[in-house]
Amino acid sequence: MELFSAFTDALVRIFHPTILLVTFVSTVVALVFGILPAISGALVCILILPFLYGMDPFIGMPILCALFSVSCMGGSITAILLGIPGDNINAATVIDGFAMTRKGQGGRALGLSLAANILGALASIGISFLLIPMIVPIIMTFKTAEMLLIIVVALLFISVLTKHNRIKGLIAAGIGLLLSCIGYQASTGVARFTFGNLYLYEGLETPTVLMGILAMPVLLELHATGSTIAPSDMTGAGRLSELVGGMKELLRSYKSIWFRGSVIGYFFGLLPGIGGAACVWMVYGHAKQTSRHPEEFGKGAPDGIVAPEAASNSAHPGDLLITLALGIPGSGVMVVLLAAFLMMGVTPGPKLLIEHTTLCFEMLLTVAAANIMGAALFFFGAPLLTKVTRVSPYYIFAYLIPLIVLSTFVSREYTVDMIVIAIVSLIGLFMARFGFSAPALILGFVLGKMLETYLTLSLDLHGFTFFFSSPASVALTVLIPLTIFFDHIQRFLGRLLHRKVELLHGDDD
Amino acid sequence: MKTLLTLSLLLAVAMIAGTVSAAPSPAAATDSPAKFYQGKVITINTQSPAGSTSDLWARTLAVYLPEITGAKVAVKNETAGGGRVIENAFATTIKPDGLTMMFTSAGTIWPAFMTGDPAVKFDITKFQYIGGTESSNTLIAVSPKGKIKTIDDLRKAKGLKFAASNKTSLLTYANALAMSILGLDGRIITGFQGSTGRLLAIQQGDADGLVTSPVSAARGMTDGVMLPLVQIGTERTKPCEEFPSMMEIVKADTLNDMQKRLIASIDILSDAKFLFAPPGVPQDRMAFLSGAFKKALENPALRAAMLKATGEDIPPYVSGDALSKMAKQLAARKPEMTIWNDVLNKYVK
C-alpha cells in the first residue's frame, strides 16, 4: 500500500507544470546533443553539474533523468541517416540502419528504431518497478568469475559477426583487443603501448575508435564516389507514412527480437561495469544468430536495427536502479549522476529506496515521460532530418569531418585524440577496403580491458576453478559451448524435428 | 613588393612588442592582491574526474571563494595520465600569476613522488601550498555479513584476500603496511574497479576486506555494508575515532627494523587535502589566497554544503606553511622509500 501511495505521489509530481517543462527542455537538449557525434549523455550531465548545486532534487532529478536517458535516441538518428553513431551505444545500429538508408529506406529504419527505443524504455521501466525488491540478490549473484564468463560469452559473438570470413574476423578482433591494451594497467601499475605519452595512460576513448572505424571510412567513400547517401531518385523516401510503416513493421514481425533485445539490454544495465557499448554488439550478434535471414545482416536487416536499439534504451532504467539501490554506478554516466545526486543532498544506497521511494519512482517515471516526449519530437522531426540523405556528399563531408574531429577533441580536450582518430581512421579505411569486420574489432576493443581485468581477478581469487566457483558460473560455463555450437545444435534439432514429422506422416500413410 | 614586405615586418615587430609589453609579469606585480583579483578568473584544476571527492571540493570552493576574493572561480578536471600531466605542468609550464591552482590530496601526489614514479616530473617541495585540511587515517573494513567480526578474527584468519584497485595507490600502500604491522596472513588482490568495485567484492564475498577512507567507512557503516575494524595510523583520528589505531594493537617494541622504518615514514600515507600553486607566485598573492581559503573553510554554509555533498565534516585547517614543512620532511626521507615498494611487492603478487 505504501509503495502504491509513493507511486501515485510520484505520478502527481511529474505532471506538475514546472516538472513537465524542465523535463521537456532537458529532452530537447538531450536530443540535440545526442545527434552530435561523440558527445554522450555523460558529457551533457557533466556540463550542467555546476547548475545543480543545492537545487531542489525534485527539479534537478528530472533534468538529469531526461538528459541521460534520451541522448541515445538522438544518437540513433545520425547512426541511421549518416552512419555516425551519436553515442557509443548507437554503434551497432550503424551497420544495418545506414545500409537501409543507402537503399533509400531511411524513414523505415527510423520508424523501426523509434518503436524499438520507446517500447524498450517503457518495458524496462515496468520491469524496474517489479524488480525493486529483488535487485540486490540479483547483483550479489554476479561476482568476478561470473562477470568474466559473461564477457567470454559476449566475445564469442565475434564468430557470429564474422561468419563470412572467420580468419579476417579473428584478425580484426585481435586488433581490437590490442587497441584496448593501450594505457595504464591498474593491477600491475604498468603503462603499456603509451610510448611515454602520458595522454595515452587512460587508453583510447571508445567514441574516438568508433568514429575512426565506423564513420570516417563511410564519409571518405561518399566523398570519393560523389553519390548521395540515399539514391537521389527515391523522392518519396522519408515521408511520415514510411516512418509509421517502420513502426508497424516492428509490431507485426519483430516483436520477439525486440523483447529479447530489451531483456538482455536491461540485464546488462544492471551489471556494474560492462556497459551498453558492449551490450549492443552482443545483442546484434544474438539477433544475427537467431535470424531466419542472417545473410541480410549488414545489408539493411530490420532485426539488425530493432535488437540493438531496444537494448540501448532499456539498459538505462536498470543502470539507474542499481545506482540508486546500491550507490554503485554501473557506467560512466552514472558516476556523474551519483555526484549530482550528492550535490543535491540525495545519497544513493540501500536506504534510498526505503526512505525516498517517491523520489525513486519519480526518477523512473521521468525517464518514461522524457522518452515519450523524445519519441514525439523524433517522430515529427524525422521526415525533415531524412532529407539530409539526399544532400550532396561534398557538403556532408565538409560539415561532418570537422565536427567529428572537434567532438572527439571536446570530450577530453586532448590533442592526442585528434592524432588517434587519424590513425584509427586509417585502420578503418584499410579494414573496409580489404573486407575485415569492423564490428569484430569494436567488440574486441570494448570488451578487451574488461576481459583482462576480470580474467586476472578470477585467476587471483579462484585459480582455474573459477569456472565452477558458483552455480551461476557453472550455468555460464555451459552456455559457452552452446553459443559456439548454436548453429550445429539448431540444425540437429531441426533435422530431428523433421524426421519426427516424417515418421508421423509415415504412420498416417 | 619591398614596401609591402617592410610594412609586414614592421607590423609583426609591433605586434610582438605589444604582446610582450602587455603580458603581466609576476615579478613586477604592483597591484594590491585584492585589487588584482577583482573581476579576474581563478582556475582550480583537479586531476580527478567530475563527481569525485576532490572535484566536489573544488566545485564547492568555486561557489564560496568568489565572495571573498572578488574573482570568478572555474573548475577544470584535468585527468590526463591519471593527473600526472597537470601535476607536471604545475612544475614546468603553468604561469605563476596566482590565477591557476590545483586542488588535490596528498595521497594522490606524494606517494608517486616518493616512490620514484618515472612519469613524475615535479618536486613536492617546490609547490607553493595555499592551505588544506588535516589528514585522517584510512581503515581496514570487512563485510558485516562475513565471518570476521573483530580484529582478533582478522589476525587469526588464514589466506585473507583484500580487494584493491590500483597497485600504486595510497590505499594499497596503506593495506600493505597494515598487513605487515598487524601480521596478517593473506594477499592483496589488485584490479577491482574503484571504490565501488572493492565494496561490491566484500559484499559478494569475493574478498574478505578492504582499505577505505574514513568518510566511506562512516557511510558504509550507516548503510550496513561495511564493518570498520582498525585505523591504519599511529594514533586515532576523526571521524572514525571509535576504532583503534593499529599501534594500539601492536606493541612498538615488537616491530622489526623494516616495520620501524615504515612507521617512521608513515606521513607518505597522508590523505590531507590541499590547494597549491606553481612555484614563483608573488608572496602577497599567496598570502591573499591562503587567507581567502582559510576564510572559506570557516564559512558555516560551505561546511554544510561539503557535508551534504561528500558526507565529510571538514577536518581542521592546516596552513600552507605547515604543508610545505611536511612535504620537505617527507622528501628528506626519499632515499629510503624503496622499503615501501618492498612491502607492497610482498603482499601484491
Side-chain angles (χ1 to χ4, degrees), chain A residues 42 45-47 49-50 53-54 136 139-145 184-191 194 196-202 272-273 326-330 332 334-340 342-345 347 349-351 412-414 416 450 452-454 456-458 460-462 469, chain B residues 49-53 55-56 59-60 62-63 74-85 88 117-119 121 161 163-169 172 187 189-197 199-201 203-207 219-220 222-225 305 307-311 344 348-349:
Chain A
C45 291
I46 289 172
L47 291 176
L49 265 185
Y53 216 97
V136 175
I139 294 307
M140 291 305 144
T141 308
F142 289 92
K143 302 180 191 178
T144 306
Y184 183 80
Q185 219 258 344
S187 60
T188 55
V190 174
T194 60
N197 188 329
L198 286 173
Y199 285 98
L200 289 174
Y201 265 43
E202 291 154 80
L326 295 178
I328 291 173
M334 282 301 145
V335 174
V336 182
L337 246 69
L338 192 64
L342 293 169
M343 277 180 163
M344 289 185 283
T347 310
K351 288 188 176 170
R412 295 201 294 190
E413 293 184 29
Y414 296 177
V416 75
M450 284 184 268
E452 186 186 21
T453 302
Y454 285 111
T456 47
L457 277 175
S458 299
D460 270 353
L461 290 166
H462 308 285
S469 58
Chain B
S52 60
T53 307
D55 175 67
L56 292 170
R59 285 177 197 278
T60 310
V63 173
V75 175
K76 272 185 97 174
N77 301 93
E78 295 279 1
T79 57
R84 281 297 102 87
V85 171
N88 289 342
D117 181 337
K121 306 280 180 246
K161 290 171 189 164
S165 297
N166 190 334
K167 186 181 175 186
T168 53
S169 76
T172 316
R187 60 210 167 91
I189 313 273
T190 54
F192 287 97
Q193 290 179 357
S195 55
T196 53
L199 179 59
L200 204 54
Q203 285 182 269
Q204 292 176 324
D206 263 348
R219 190 180 291 161
T222 315
D223 286 344
V225 293
L307 185 64
K308 197 171 155 185
T310 64
L344 189 71
V348 182
K349 302 293 179 200

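So that the names make sense, note that chain A is the first sequence line, chain B the second, and so on, each numbered from 1.
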Aromatic rings A/Y184 and A/Y201: how do their planes relate, parallel, tilted or perpendicular, breaks at 30° and 60°? parallel
Is chain B contacted by the side chain of A/T144, its backbone, both, or neither, given a heavy-atom distance below 4.5 Å? both
If you count heavy-atom pairs under 4.5 Å between each of B/D206, B/D55, B/V85 and chain A, which one has the most? B/D206
Heavy-atom pair count under 4.5 Å with chain A, highest-scoring of B/V348, B/T79, B/D117, B/T168: B/T79
Could you tell me the separation between the CZ atom of B/R84 and the CD atom of B/E78, rounded to the nearest 0.5 Å? 14.5 Å
Could you pull out the closest heavy-atom pair between A/L457 and B/G191, with the gap in Å? CD1-O, 3.8 Å
Quick one: does B/N88's side chain have a donor or acceptor within less than 3.5 Å of a partner on B/G83's backbone? no
